[in-house]
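A note on names: the letters A, B, ... follow the listed sequences, proteins ahead of strands, and every chain is numbered from 1.
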2 protein chains.
Amino acid sequence: MSVTPSMLTARLPAPVPLDEQASCPVSGVFQRIGDRWTVLVLVLLNQRPHRYNELHRAMEGLSRRMLTLTLRSLERDGLVARTVFPTVPPGVEYELTELGRGLLVPLSALSDWAVHTASRIERNRAEFDARP
Amino acid sequence: MSVTPSMLTARLPAPVPLDEQASCPVSGVFQRIGDRWTVLVLVLLNQRPHRYNELHRAMEGLSRRMLTLTLRSLERDGLVARTVFPTVPPGVEYELTELGRGLLVPLSALSDWAVHTASRIERNRAEFDARP
DNA sequence: CGGTATCCATGGAGATACTG
DNA sequence: CAGTATCTCCATGGATACCG
C-alpha cells in the first residue's frame, strides 16, 4: 500500500477550521507542529541529515508508525526532504529543506523564551497549585 | 466544586515526558500551547483585556468548558491574570501578564513566518497529494 | 455572569505483526 | 532497512444541564 490521504490527515486535530487559520496564522502553525514529535524531529534534522532508524533510535518512546506519520507530514509540507538510496538493503535519508531551516529560526526564538522563563513558570505553577 | 488538579492537567497531551522537555524546550512550549485554542486566546488578550463571555462570543466553536480549561491553564502558568470584580452580577476580566506579553514576541516571529510561507506550503501539499 | 459536573463519541496513538 | 496494516484503548473535548 502507498500513502493514502487518510494516513496523512489522520494526525490532524480535527476538521481544520480554515477561517481560524486565516484570522490567526500562528494557530495554524501550532496545530500543525504542536504535537509530541514534530518539533523534536525538526531539531534532530537541523543537526544533520538522519536515516529512518537513526531517528527512531534517537527518540525514546516514538513508535515507527508515528515516526512515519510525522515524517510524511513534514515531507508533504516541504519542510523535510526524503531521499531513497536504491541500495540493498534500501537506505532512506531525511534532511531539512530550505523552508524547514527557515522555520527553525523563529523556533529558536521561541526556544530561547522557553529556556529563559522555564523556572519562572515552574514557580508560577507551584504557587497556583498551592492556593486554596 | 473548586479547581481540581485533574481539571488542570486534563488537557495536557499525556504524562508529560520531563526529560524530553529538558532536552528540547521548544517541544515543551508547543505541547503546552499547541492546542486548538490557547494561541487564539493569547492573541485576543494581547489586543486588550477581555471578559469571560466576551472571549466566548469572540471564538466561534469554543465551548465554555474548553475556554475555562484554557484560561485556567494560562493563569496557572502566569501568562494570564484573572481579576474578579465583586459586583452583582460578578464580572471577571482576563488580561496578559508581563510574562504573557513576552511570549507574544517570539510568537509574532512565528506568525510572520507562517504568513510568508503559507502559499508556498499550500503548493507543496497540493504537489505532494498529486503524486502517484 | 461565570463558571462546574457528568455523560459520551471520536479519533489519536501505542502494540503487534507482516512485507518488499 | 524502512516501512504498512490492523486492532485497540483511552484521553480529548463537545453537549447538556445545573449552580453561586
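Of the listed nucleotides (dG20(C), dG3(D), dG14(C)), dG3(D) has the atom at the smallest distance from the side chain of Tyr94(A). Side-chain proximity of Trp37(A) to dG3(C), dG14(D), dG14(C): nearest is dG14(C). Taking the side chain of Arg51(A) as heavy atoms from C-beta on, and the options dC1(D), dG14(D), dG2(C), the nearest nucleotide is dC1(D). Out of dC1(C), dG3(D), dC1(D), the shortest distance to the side chain of Pro89(B) is found at dC1(C). Distances from the side chain of Thr68(B) to the nucleotides dG2(C), dG14(C), dT4(C) place dT4(C) closest.
Remark: C1' of dT6(D) and CZ of Arg64(A) are 15 Å apart, rounded to the nearest angstrom. Going from atom NE2 of His56(A) over to atom P of dC1(D) covers 12 Å, rounded to whole Å. Here the P atom of nucleotide dA15(C) and the CZ atom of Arg65(A) are 12 Å apart, to the nearest Å. Summarising the geometry, the separation between CD on Gln31(B) and P on dA11(D) is reported as 16 Å, rounded to the nearest angstrom. Nucleotide dG14(C) holds its P atom 10 Å from the CG atom of Asp35(A), rounded to whole Å. Glu75(A) places its CD atom 13 Å from the C1' atom of dA2(D), with the value rounded to the nearest Å. We find that CZ of Arg57(A) is positioned 13 Å from P of dG3(D), with the value rounded to whole Å. Counting to the nearest Å, the P atom of dG14(C) and the CD atom of Glu60(A) are 12 Å from each other.
Between dG14(D) and Ser63(B), a contact under 4.0 Å exists linking OP1 or OP2 to a side-chain N or O. Contact check, Tyr52(A) against dT4(D): no side-chain N or O comes under 4.0 Å of OP1 or OP2. At the phosphate of dG3(D), OP1 or OP2 sits under 4.0 Å from a side-chain N or O atom of Arg82(A).
Using modelled atom types, one finds a donor on one side chain and an acceptor on the other under 3.5 Å when comparing Tyr52(A) with Thr68(A). Side-chain contact of Thr70(A) with Arg36(A): a donor-acceptor pair under 3.5 Å is absent, judged by distance alone.
Residue-environment remark: CD (Glu127(B)) stays at or below the threshold of 12 foreign heavy atoms within 6.0 Å.
Contacts of Phe85(A) with the nucleic acid, taken as non-hydrogen atoms under 4.0 Å apart, are absent.
In summary, Glu54(A) and Arg48(A) engage in a salt bridge, as defined by a charged side-chain N under 4.0 Å from a carboxylate O. Between Arg125(B) and Glu122(B) there is no salt bridge, since no side-chain N of the basic residue sits under 4.0 Å from a carboxylate O of the acidic one.
With DNA chain C read from its 5' end, the first of the two nearest nucleotides for Pro90(A) and Leu62(A) is the one closest to Leu62(A).
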